[in-house]
Chemist: 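Dumping the structure here so I can ask a few things about it.
Read the numbers this way: they start at 1 and go in the same order the structure lists the ligands and their atoms. Here the structure is a predicted model, which means the values were calculated and not measured.
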Amino acid sequence: MTRLPDVLRRSLGLPPEATAAAAGIDALHASVIGTALLGIGVIAALTLFFIVRYRRKPSDGPTPRIVASTLREWLTAVALFSLFLAFWSVGYVQYADIEQPPSGTPIVYVTAKQWMWQFTYPDGRSSEDTLVIPENTAIEVVMTSRDVIHSFFVPAFRIKQDAVPGRWVTLYIDKAKAGTYPIYCAEYCGVSHSNMLGEVRVLGAADYAEWRRQAPAVDLAVQGKSVAAKHGCFACHTIDGQRHIGPSFAGLYQSHRMLDDGREVFADEAYLTRSMMEPLRDRVLGFNPVMPSYRGQLSADEAGALVEMIRSLKDSPIQPKMALPSLTASLVDAGADAP
Ligand code: CUA
């Protein structure tokens with residue numbers, strides 16, 4: 001995607017374009033503004049021309065009533081609407097790109113709370129108010145809020161996304177350029193809203209490796225196992241692919257799940273966390289609705305650790321040590337949870 005000339009970008013008051021998506025969004029922004037300015041220019045010029053050319057002379061009679069043909073009215077309406085649709089289509093593709101990271105993209109978990117940003121990385125480390133990511137790498141951001149609605153706003157990435165308590169949303173940071181960029185909260189969230197600031201540090205490969213060396217971390221997927229043990233998840237879910245009271249965690253991530261209301265869902269991070277918080281909303285076919293909600297029981301870090309554990313079990317279910325009694329054998333086999 002071509003970048004905006006620096007002079008134009010600065011005259012529009014825009015921050016640097018630090019991702020590939022930012023350049024595309026700026027190009028769309030500039031073409032919408034450019035088209036509107038062109039329209040204003042043409043109309044103003046025509047107005048001036050008509051004022052001079054058709055100035056009323058003393059010899060003129062009453063002004064005749066002029067009616068445009070229906071065809072011309074339709075053509076004008078359709079042309080303007082097509083222009084709007086063209087802008088919309090480009091914007092829609094850009095929006096879909098930002099919201100839908102390719103599968104397998106490394107994840108950072110973001111938790112907003114009054115009045116700070118907390119970042120948790122898959123290798124178990126975490127940081128507050130400073131998000132550290134490697135340059136030129138695709139990163140998926142999985143975000144929620146612990147209290148009220150906040151909004152994660154990184155102007156240099158052209159990203160602004162609400163963080164809503166009880167909901168998880170994903171964002172995609174596509175190949176950021178090295179540098180430090182401010183993070184703002186863009187949703188009024190209480191007295192210190194304006195102080196809810198942070199920064200993204202995008203590091204080059206060497207600096208990033210150095211940063212990773214500094215703070216040894218515990219694997220988040222390993223933490224996920226102790227979280228699952230602590231909250232009793234293993235009473236109903238296995239990690240070896242065997243079905244039990246609930247579906248097995250093995251092979252669950254990125255599988256297609258048939259639900260008992262006929263819908264089919266894709267088991268991404270948002271689905272997994274939603275199922276912890278609202279287990280009865282998407283009930284997998286063939287399982288009884290017995291799971292309680294873990295909203296308020298699991299912290300955002302713990303939910304992130306659980307998702308990371310389930311991700312780690314995507315392709316490599318642990319071999320069963322013993323067979324479970326087939327207490328669910330009489331239920332319809334959903335097929336979707338088979339390893
Ligand atoms: Cu958080 Cu405003």
Side-chain angles (χ1 to χ4, degrees), residues 12-19 21-22 25-26 29 91 94-95 97-101 105-122 124-133 139-174 176 179-203 211 215 220 268-274 276-278 293-308:
L12 291 171
L14 295 171
E17 294 163 350
T19 57
I25 290 168
D26 278 6
H29 179 200
Q94 292 177 343
Y95 172 77
D97 281 351
I98 288 176
E99 293 283 309
Q100 282 288 319
T105 309
I107 289 185
V108 177
Y109 296 90
V110 177
T111 312
K113 51 191 169 189
Q114 287 169 323
W115 288 274
M116 58 182 289
W117 299 101
Q118 191 184 351
F119 305 103
T120 311
Y121 306 87
R125 71 187 67 216
S126 63
S127 57
E128 275 160 15
D129 292 334
T130 304
L131 169 63
V132 183
I133 58 173
I139 300 286
E140 177 172 356
V141 176
V142 179
M143 192 178 348
T144 191
S145 164
R146 222 169 70 172
D147 35 43
V148 299
I149 301 177
H150 303 271
S151 184
F152 183 76
F153 181 30
V154 185
F157 298 168
R158 309 294 188 271
I159 278 175
K160 189 192 276 175
Q161 172 67 57
D162 277 10
V164 182
R167 281 193 60 190
W168 292 74
V169 286
T170 57
L171 272 186
Y172 179 39
I173 298 175
D174 184 17
T180 300
Y181 310 101
I183 301 171
Y184 300 100
C185 177
E187 180 73 52
Y188 183 66
C189 56
V191 286
S192 285
H193 157 72
S194 57
N195 291 323
M196 192 165 160
L197 304 170
E199 61 182 26
V200 188
R201 286 174 58 208
V202 184
L203 301 180
W211 176 77
L220 199 55
D268 57 5
E269 292 77 11
Y271 164 80
L272 295 176
T273 38
R274 194 169 62 233
M276 297 170 203
M277 307 308 167
E278 299 172 68
S293 166
Y294 282 82
R295 174 166 291 156
Q297 318 251 344
L298 287 170
S299 72
D301 285 358
E302 289 179 321
L306 286 176
V307 171
E308 226 23 72

Chemist: Taking Trp168 as the fixed residue, which of Asp268, Val110, Thr273 is the one that meets the side chain to side chain contact (heavy atoms under 4.5 Å, CB included) rule?
Modeler: Thr273
Chemist: If we only look closer than 2.8 Å, how many protein N, O or S atoms does atom 2 (Cu) of ligand 1 have near it?
Modeler: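 For atom 2 (Cu) of ligand 1, the figure is 4.
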Chemist: Here's a test for you: under side chain to side chain contact (heavy atoms under 4.5 Å, CB included), which of Thr170, Leu272, Val307 qualifies with Val142?
Modeler: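 Running side chain to side chain contact (heavy atoms under 4.5 Å, CB included) over Thr170, Leu272, Val307 with Val142 returns exactly one hit, Thr170.
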Chemist: Can you list everything that forms a ring-ring contact (aromatic ring centres under 6.0 Å, His included) with Tyr188? Sequence neighbours excluded, please.
Modeler: His193
Chemist: Parallel, tilted or perpendicular: which describes the rings of Phe153 and Tyr184, with under 30° parallel and over 60° perpendicular?
Modeler: tilted
Chemist: Met276 and Leu306: which non-hydrogen atoms are nearest, and at how many Å?
Modeler: CE-CB, 3.6 Å
Chemist: Restricting to non-hydrogen atoms, name the atom on Arg158 and the atom on Pro15 that form the minimum distance, rounded to 0.1 Å.
Modeler: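 Shortest heavy-atom contact: NH2-O, 2.8 Å.
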